[in-house]
There are 2 protein chains.
Amino acid sequence: MVTPVVPRIVAGRIAHCERCGVRARSVCASLPGNDLERLASIAVVRQCGPGEVIMMEGEPAAAYHNITSGFVRLHKSLPDGRDQVTGFARPGDFLGLASEDNYGVTATAIGAVQLCRFPRDRFRKLMHALPSLEDRLLAVASHELVIAQERMLLLGRKTARERVASFLLDLDSPCGETGAILLPMTRSDIADYLGLTIETVSRTLSAFRREGRIDLKVANQVQLIDRNGLRRIAEARA
Amino acid sequence: MVTPVVPRIVAGRIAHCERCGVRARSVCASLPGNDLERLASIAVVRQCGPGEVIMMEGEPAAAYHNITSGFVRLHKSLPDGRDQVTGFARPGDFLGLASEDNYGVTATAIGAVQLCRFPRDRFRKLMHALPSLEDRLLAVASHELVIAQERMLLLGRKTARERVASFLLDLDSPCGETGAILLPMTRSDIADYLGLTIETVSRTLSAFRREGRIDLKVANQVQLIDRNGLRRIAEARA
DNA sequence: CGACGCATTGATCGCGCTCAAATGTCGTGG
DNA sequence: CCACGACATTTGAGCGCGATCAATGCGTCG
């Protein structure tokens, strides 16, 4: 078994922020040492298995969460089962911001997930005491809004090819320029993210492979070959 | 000519917040009298004609805006002209939140628009000095995110009938239960908002009229008749 | 009046969905 | 090691919703 960067912590125990591998990427980065301790004091570490629901659309927003390891699917559903993934969350991402009194989306663990849970009231009180934390949250929320607007353009106006190309390029940057992209999510997740069906996603990936734009070693491992070509497709240029 | 609720103010003049008709609806509502004056001191009133661009996607985010009268179209475009309206803004709404260093969307005046312009740096400085203002902005951003997620579900997964029904019901509440809904935007705006074409929007509205769910007195005046029926369609129930 | 812009309606097309089958992948147990 | 089943992915065939192309209606303004 591979040793994770983040040390395994028993669920329910207090977080050890100073050793946390995602601190630099997360909202916690805005806090100096002693303030970080105050945040840590209200955090509870939680473990989730694959498919486990972290928070449920429509239910009272009891807590905020910060992912320390694993991937999470954020999604909304229609009564007949149609599902729209609004986003994927990675280690360091903050969940629950998109809430008023009730959660707006459901968060489901894709694989094993570890996160810090902050009870809503205590977190909000602390946020008011720590201006740099609120600053950071506003920045995160604004950034999420920009992402959301980009996704509306994708969902409302882009073709299947453009959607899949955009998706591949979005995944590209965080994973670095070398090596293949590892997809933590299934075709079904991707389809629900892009507003398509699994078949269309699969067909489009196969087409990109035939055209020499990508290489599919295994189903969940994509190597980008012709980034510029994909970029042209994604942005609908030429 | 109809006298507007908000007194006409010459462009470039300082705002008169205490007389402002939209104060209760906007971010300014979070501020007590003397703080409001500080905000007013950095505000510049601006007038825009129909079609005028208030801010442009990709350009440096030089200022925030608060609409005091008129309607605004927020949208993103693809190089080939395809356009996605990410939202409509009404009096009291705050623009520019969805920005990092550059604007993420373009804001275009639909009719005549009047707004308060806050230079970015001065506004951010003031925001840090006035916690209740930053609080309010975070609340606004969170709310916008919830709206955005709902729209992703609509754009990614709903049928044309479901989209149009959702649109009509969304417009319904702010306009009250009685009388017809006045649509300030064109069919083209609605289509770009719903990820459809003008023809499909028009056909769907006609279908709803034939089915006795709505009444179309004139093209931009819709009377909802069967709200429950529309609700069933919008939510894809039964 | 005619010209223009916006909305509606009609006819046809095509992208992406649906239904169906084949193929691949992985874990489990003989 | 292979046989087997469960499940994810790929591929194929045909269809339908919404787009496209085109014509008409309709209100406003010069």
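Because the structure is predicted, anything quoted here is derived from the model rather than measured. Below, chains carry the letters A, B, ... as their sequence lines are ordered, and counting in each starts from 1.
Here CG of A:Asn66 is found 13.5 Å from CZ of A:Arg117. Values are rounded to the nearest 0.5 Å. Note that the CG atom of B:Leu145 and the OG1 atom of A:Thr86 stand 9.5 Å from one another [nearest 0.5 Å]. Note that the CE atom of B:Met152 and the CG atom of B:Leu154 stand 12.0 Å from one another [nearest 0.5 Å]. Rounded to the nearest 0.5 angstrom, A:Leu205 CG and A:Leu168 CG are separated by 6.0 Å.
Taking 4.5 Å as the limit, every side-chain heavy atom of A:Ile233 sits out of range of all side-chain heavy atoms of A:Val164.
The CZ-P distance, from A:Phe208 to D:dT9, rounds to 18 Å in whole Å. Note: CD (A:Gln221) to P (D:dT9) measures 14 Å, nearest angstrom. Across the protein-nucleic acid pair, A:Ile110 atom CD1 and D:dA8 atom C1' stand 15 Å apart, rounded to whole Å. D:dT20 atom P lies 10 Å from atom CG of B:Asp80, rounded to whole Å. As rounded to whole Å, 12 Å separates atom C1' of C:dC17 from atom CZ of A:Arg82. Atom CG in A:Asn220 sits roughly 10 Å away from atom P in D:dT10 (whole-Å rounding).
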**Complete:** Under a 4.0 Å heavy-atom criterion, the protein footprint on nucleotides 24-30 of chain D, written with B, S and -, is -------

**Request:** Take nucleotides 4-9 of chain C nucleotide by nucleotide from the 5' end and write B, S or -, depending on whether a protein heavy atom sits under 4.0 Å from the base, only from the sugar-phosphate, or from neither.
**Result:** ---SBB

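Each of B:Asp192, B:Asp83, B:Asp80 was scored for a salt bridge (Lys or Arg N to Asp or Glu O under 4.0 Å) with A:Arg157, with one residue passing: B:Asp192.
Contacts classified as salt bridge (Lys or Arg N to Asp or Glu O under 4.0 Å) and involving residues 196-209 of chain B (residues at least two apart or in different chains) are not found.
Below 30°, between 30° and 60°, or above 60°: for B:Phe88 and B:Tyr193 the angle between ring planes is between 30° and 60°, a tilted geometry.
Nearer to the 5' terminus of DNA chain C, by closest-nucleotide assignment, is the contact made by A:Leu196 (compared with the other of A:Leu196 and A:Lys217).
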